[in-house]
Every structure is written in structure tokens, then in C-alpha cells.
Participant: 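Have a look at this one.
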Amino acid sequence: MELLDPDGGIHRELDPAHVASEVARLEAEVAPRWVWRDTREWAPVLLDAGVRVARCHDLRLCGAILASSTAVAGARPVVRDRPDWLPVGPAEGALETTVPAAASVDHGPALFEVEPEAGPERAARPSAAELVVEHDRQVALAEASDRPSAMRLLLAAESAGALIAAELHAAGLPWRRSVHERVLEEALGPRPPVGRKPARMDELAARVRRELEAPSLRLDSHADLLRALRAAGIGVDSTAKWELREHEHPAVAPLLAYKRLARLLSANGWAWLDEWVVDERFRADYVAGGTATGRWATSGGGALQLPKAVRAAVVADPGWSLVVADASQLEPRVLAALARDPAMAAAGRGRDMYRSIVDAGVVATRDEAKVALLGAMYGATTGDSGRLVPQLGRAYPRAMALVDRAARDGESGRQVTTLLGRSSPLPPPSWHAAQAAASQPDATAIDERRARSSARDWGRFTRNFVVQGTAAEWALCWLAGVRTRLTALSSAAGGPPAVASGAVFERAPHLVYFLHDELIVHTPSEMAEAVADAVRESAAEAGRLLFGEAPVEFPLDLTVSESYASAEP
DNA sequence: GTGTATGGCGCG
DNA sequence: AAAGCGCGCCATACAC
């Protein structure tokens, strides 16, 4: 079914409240899948009006995946006709693909198209007819891909992610300002007047100056600090803390303490609290599909880098609880399942994969197992990790072959692709230039070394891409599953209807945080156990969706508590 | 003044 | 011990 207005599908003058009620009505009547250019144009408007939609197809995000995917049929470097009203997606690679001829698909879903909040930089708004054509084109590409069911799943998950990102912003993470202030005061002392450093930092700085005999040293200047350290006989090559830690000088301890406090102050101090926490909610700007691998990014607020120290401020409302869950050892489990490595999958069946690797006699300690596995996925060549990787390779040859193959592909400038079909970007022109320079007859040893080094760098990126990207797909499916189940839970409990006059999240359990392999649901306490079950069921379902009945498990560490901090392991 | 590069560090 | 992936943000330094 399609919903178009009499002027050809453009609700140019429509009152936002009217749009919302139309959408709400259709949600209730036909549960459509909304097709729009960009979820960021519509989801915030609808959420403001208290309306949630169940499903959508985000043409921008899906178009970006399809444009660069090697899994799309006829992927050849030829020009394709992608409409210019479709902004380039975040992960769009340089590879162009052909559109299958005679694309004929039954597109089924509803289409709704309204005037976007036109930013000055935004391309001309598409007509409804153009949206239909583009949607057909994308569906046709997905159907013609190597594994249509996988690509359909990826596009659905990516679109669901876009909706969830908007909802996370609308809901906000419950944030207890008083708790955060207490954390700051305990660490830094009372809030200083503007332009002054906190007392605790001043004291530490004075001690560092005294110990270094540098009375006018500014600790915030790396160059000055490095000079002063070296003048005091501390043989460091940088001011980094892991280097400082190696030295036994009375200035080191106060300096490290100063740096820790400086970081807390600048990243999550009082200014951050004033800017980002409003009405006891932290509203981050999530960027779904914001990284090459498909992980999300954020812009502003640093929501993906919340230091452990301030997580104590994440506290459920009275009568509510937080369900905090993370997928333990997600990436190694994904590698085992992806490679269909039977020995590694056996290790991935238990709760502690690293322990199982030790029990299988591959390495001696749990810590070695962890370091070796991370080294295999990241491409470590030196140190403890590099030394242990070969042992891992002998025990798990298929898994090792998968990541080694991905690395070789990247080193040769080829794309690699995740399980569901997201492909890595091609290396930039500067990379190709470096490779070309090294193959010239007059190439210098430096040219060759640079080319080899950048080839290896890119190989490490593609090596990790297949694992991190597939793990991101698992996480998106998990997240989408949780969202669907929470909706079902709240309707079963007589929760809010689609329209709840701006209070979509007031009475129902809802997602409030997502961090790569971790999520938080804020829920009325009496529903917490049901929510926990929904979260666990969704994880199991994500495993089945990606890997079928593969013999790898994806166990969660899950806690029901009042505060994020008390949910930490 | 605005923009970019770099070091450093927080998270997964 | 500080390599080996993906990010964002802050402060400083330096360009224009």
C-alpha cells in the first residue's frame, strides 16, 4: 500500500502533529514498513509527537551498504545510477555496482513521504515516485546478491538500528546529577570558579613542579612537560602514562594522578554535566552505521567512552530498574562461528572461551589465551601476543585461515566482506600511490618500505573488519530483537499505545544505551525479569539468524540493578 | 579569528 | 609490556 497526498506525495505544508497522527493510524491499521530517505529526518519528529514506528527501510544507509558490497550481483567497477538526492552513506565504499537489468520486484511496503527539515546542505527532496524507484532498485540489488536472505537481514537490521538510535536519543540515559557531582567532588574537590583548576589538580601540579624543579612548568603542554621530565633525568620519549609508569621518580605518581584528574575534568566534568545532562537524562547523538565496520559512532557527548568512574551516575528512576547486558567474548565467538572451525567452536560452547582454550591444552594460561586470540584478530606480530598467535593457529587452522585470508586480501587492495554482506572500503588513493611508487624501476628502499608498511596496515584493518563487522551484525540483530520484544511486552501489559502524547517511554520498558556488544533497558521494576528474558531470547535469536544452528553460544553477562556501576563485573 | 595535525586517553 | 583493530574528544601547537 502506498500513502501519497493529492499533490504527488509531498506533505509540504503539513502540520507535524497531523503527520504524526496519520503515521500512528497506519501503524495501528496496517503495520507498514516505512520507506524514507533518511531516518534522521523523520524519527525525531515522530518521537516528539509520541509516535513510534515498528519498521522502516532507510534508503541512505541501505544504499550505502549495497553500493559497496561485493555480495551484490554484477559487482563490477562501472557507473551506476544512484539518485543524487540520496546522500552518500557513512560506510559507502568506492566500488560501483551495476543494477541488474529488468529489476522487477514486489515492493509491498507502505511509502510515506513528507517534506524534510530542509538543511541548507541537503540535496533536493525526492518525490514519492522517486522514492519508490530507488526502493525497488535496492530491493532488486538485495535479491540479486549472493545470499538474498543475508542481505535482507542486514538491511532490515541496519534500518532498525537507525530507528533505535533515534529512540535512544529521545529516551535518554537516566542520569543522576547528584551522583555525578559527588564523584567529581570526591576526585577533584569542589567545583572551581570558571577559569580555575580544581584544588586537587592544583595541589598535584605543585608537587610535580617541585619534584621536577621546574617552578613555572605548565603540565598541560606535552612539549614543555617532556622537556622538564628529561631535564629531571626521566628517560621518556613521550608523556604517555604507560611510559611514565616505568620510571621510579617522585614526580611520576603525582603526574599520573594529575593526568587522570585532568582527563576526568575535561571529558566528563561539570561542564560536560551542564551541557549533556538535562532533566536527569543524558541524550547522546548516536550515529547508526557510523563506522566502516558497521559499528555505531556518536557525535558529541562521548557516549561510547563513558569512563567506568562516572557510570555510577546512571541510576534507574524510582520504581524502575536497569537491565544491563553484554555479550561476553563476542568477537572470538563470532570468529569461531564465521570460520566454522570445529575446534574453536567447541571452545566457544562454554561460558568462558578463554578457559576452554587453556583446557584444550593450546596455551598455558587464560591470559595467554585472551592475548593470543586478540592478537590473531588484530594482526599482532610482536610481543607476547605475536609469539602466541602461531600456537593458536596450529590448534585452530580454519579460524586462522579466515583472518589470514582477510589480511592478504587487504594487503592486495581487495575488499573483504562480513557474513551478511557489508564490505570494507577500498584503500584511499594515497595508498595506491604508495604501492605504485614502490613498483617503479627507480623506487627507493624507503618507497618500498613505506608501501609494504601501508599494505600491512591495511591488511590488519581488513583482518579485523570481517570479525568486528560480523560482530556488529550480531549486535544489531540482538538490539532489534530486544526492541521488538519490548514492544510486545508493553502492549501485553497494557502499555502505551502508538500515540502517547509525547510520553512514548513513560510507562514502558525501553532501550536507553547501546555500546557495541552491550545494552541497557530501563524498565518498571516489576517487569525486569520479563525484560531480562527478552534480552536473553534476543541474543539466542541473533545467533540463529546469523549462523543457523552453529555450535557456538553467545552467552550474556546480565544484571538487573538500580545502577550501571553496580552492574559492572 | 578559523582550520588542521598531533599526542594522549577514554571506551569496545 | 605498552604492541595489534575500531572509534570520539580534548588540549596544545601551528597553519592560514
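All chains are named by letter (A, B, ...) in the order of the sequence lines, taking the proteins before the strands, and each is independently numbered beginning at 1.
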Participant: Describe the nucleic acid contact of A:Leu330 in one word from base, sugar-phosphate, nothing, applying a heavy-atom distance below 4.0 Å.
Facilitator: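 Touches nothing.
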
Participant: Please give, in whole Å, the distance from C:dC7 P to A:Phe514 CZ?
Facilitator: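 A:Phe514 atom CZ is separated from C:dC7 atom P by 15 Å.
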
Participant: Assess, by modelled atom type and distance only, whether the side chains of A:Thr418 and A:Glu473 contain a donor and an acceptor separated by less than 3.5 Å.
Facilitator: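 Looking only at side-chain atoms, A:Glu473 and A:Thr418 do form a donor-acceptor pair, the distance falling under 3.5 Å.
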
Participant: Quickly work out the A:Gln305 CD to B:dC9 P distance and round it to whole Å.
Facilitator: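 So the two atoms are 14 Å apart, to the nearest Å.
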
Participant: Considering only C:dG8, C:dG6, C:dC5, which nucleotide approaches the side chain of A:His516 most closely?
Facilitator: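 So the side chain of A:His516 is nearest to C:dG6.
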
Participant: Find the partner of C:dG4: check Watson-Crick (N1-N3 plus N6-O4 or O6-N4) and G-U wobble (N1-O2, O6-N3) distances, both under 3.5 Å, and reply none if neither fits.
Facilitator: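 In the structure as shown, C:dG4 has no Watson-Crick or wobble partner.
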
Participant: Is the closest side-chain donor-acceptor distance between A:Thr293 and A:Gln468 under 3.5 Å?
Facilitator: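 Their side chains do contain a donor-acceptor pair, which is all the 3.5 Å distance test asks for.
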
Participant: Distance check: side-chain N/O of A:Thr381 vs OP1/OP2 of C:dG4, anything under 4.0 Å?
Facilitator: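 For C:dG4, OP1 or OP2 has a side-chain N or O of A:Thr381 closer than 4.0 Å.
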
Participant: Send over the distance from A:Asp285 CG to C:dG8 P, rounded to a whole Å.
Facilitator: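 After rounding, the reported distance stands at 13 Å.
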
Participant: Would you mind telling me which of B:dG12, B:dC9, C:dA11 lies closest to the side-chain atoms of A:Ala240?
Facilitator: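 Of all the options, the side chain of A:Ala240 is nearest to B:dC9.
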
Participant: With DNA chain C as reference, determine whether A:Glu246 or A:Gly302 sits nearer its 5' end, using the nearest nucleotide of each.
Facilitator: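 The residue whose closest nucleotide sits nearer the 5' end is A:Glu246.
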
Participant: When all nucleic acid strands are considered with a 4.0 Å heavy-atom cut-off, which category describes A:Ala267: base, sugar-phosphate, or nothing?
Facilitator: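 If one applies the 4.0 Å heavy-atom cut-off, A:Ala267 turns out to touch nothing in the nucleic acid.
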
Participant: Does C:dA13 have OP1 or OP2 sitting under 4.0 Å from an N or O in the side chain of A:Arg218?
Facilitator: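 Yes.
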
Participant: Can a side chain N or O of A:Arg460 be found less than 4.0 Å away from OP1 or OP2 on C:dG4?
Facilitator: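 Result: no.
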
Participant: Looking for any heavy atom pair under 4.0 Å, which part of the strands does A:Thr382 touch: base, sugar-phosphate only, or nothing?
Facilitator: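 Touches sugar-phosphate only.
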
Participant: Within this structure, what is the CZ-to-C1' distance between A:Arg422 and C:dG6, rounded to whole angstrom?
Facilitator: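 Taking atom C1' of C:dG6 as the reference, CZ of A:Arg422 is at 13 Å.
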
Participant: Can you measure A:Asp224 atom CG to C:dA11 atom C1' for me and round it to whole angstrom units?
Facilitator: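 It works out to 13 Å between those atoms.
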
Participant: Output yes when at least one side-chain N/O atom of A:Lys259 is less than 4.0 Å from OP1 or OP2 of B:dG8, else no.
Facilitator: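 For B:dG8, neither OP1 nor OP2 has a side-chain N or O of A:Lys259 closer than 4.0 Å.
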
Participant: Can you figure out which of B:dG10, C:dT12, B:dG8 approaches the side chain of A:His222 most closely?
Facilitator: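 So the nucleotide nearest the side chain must be B:dG8.
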
Participant: Counting only heavy atoms not in A:Arg207, do more than 12 sit closer than 6.0 Å to its CZ atom?
Facilitator: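 At most 12 heavy atoms, drawn from other residues, nucleotides or ligands, come within 6.0 Å of this atom.
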
Participant: Rounded off to whole Å, could you give me the CG-to-P distance for the A:Leu304 and C:dC10 pair?
Facilitator: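 Checked: the CG to P distance equals 14 Å.
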
Participant: Going through the distances and angles, do A:Arg460 and A:Asp457 end up as a salt bridge (charged side-chain N to carboxylate O under 4.0 Å, His left out)?
Facilitator: CA-CA 5 Å; A:Arg460 284 194 303 277; A:Asp457 288 348; 2.4 Å; yes

Participant: Would you say CZ of A:Arg405 has more than 12 non-hydrogen atoms from neighbouring residues, nucleotides or ligands within 6.0 angstrom?
Facilitator: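 No, CZ of A:Arg405 has 12 or fewer neighbouring heavy atoms, counting only those of other groups under 6.0 Å.
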
Participant: Take atom CG of A:Leu244 and atom P of C:dA1, then tell me their distance rounded to the nearest Å.
Facilitator: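 The distance from CG of A:Leu244 to P of C:dA1 comes to 16 Å, rounded to the nearest Å.
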
Participant: Quick one: label A:Gly301 by what it contacts on the DNA or RNA (base, sugar-phosphate, nothing), any heavy atom closer than 4.0 Å.
Facilitator: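 Since only primed, P, OP1 and OP2 atoms lie under 4.0 Å of A:Gly301, the category is sugar-phosphate.
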
Participant: Between A:Ser238 and B:dG8, does any side-chain N or O lie under 4.0 Å from OP1 or OP2?
Facilitator: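 Yes, A:Ser238 has a side-chain N/O under 4.0 Å of OP1/OP2 on B:dG8.
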
Participant: Please give the distance between the P atoms of C:dG4 and B:dG12 as a whole number of Å.
Facilitator: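 So the two P atoms sit 22 Å from each other.
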
Participant: Is the A:Trp272 to A:Phe282 ring centre distance short of 6.0 Å?
Facilitator: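 Yes: the rings meet the under 6.0 Å criterion.
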
Participant: If you take atom types as modelled and just measure distance, does the side chain of A:Arg295 reach the base of B:dG12 with a donor-acceptor pair under 3.5 Å?
Facilitator: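 It does, because a donor-acceptor pair links the side chain of A:Arg295 to the base of B:dG12 below 3.5 Å.
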
Participant: Tell me if the CG atom of A:Asp274 is crowded by more than 12 foreign heavy atoms within 6.0 Å.
Facilitator: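 For A:Asp274, atom CG is crowded (more than 12 foreign heavy atoms under 6.0 Å).
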
Participant: Among the candidates C:dA11, C:dA2, B:dG12, find the nucleotide nearest to the side-chain atoms of A:Trp242.
Facilitator: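 Closest nucleotide to the A:Trp242 side chain: C:dA2.
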
Participant: Out of B:dG8, B:dG12, B:dC11, which has the shortest distance to the side chain of A:Thr239?
Facilitator: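 Side chain of A:Thr239 sits closest to B:dG8.
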
Participant: Among the nucleotides C:dC5, B:dG8, B:dC11, which one has an atom lying closest to any side-chain atom of A:Gln468?
Facilitator: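 My answer, after comparing the listed nucleotides, is C:dC5.
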
Participant: Quick one: on DNA chain C, does A:Arg245 or A:Ala297 contact a more 5' nucleotide (nearest heavy atom)?
Facilitator: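 Checking each residue's closest nucleotide, the 5'-ward one belongs to A:Arg245.
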
Participant: Specify the separation, in whole Å, of atom CG of A:Leu388 and atom C1' of C:dA3.
Facilitator: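 It is 13 Å, rounded to the nearest whole Å.
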
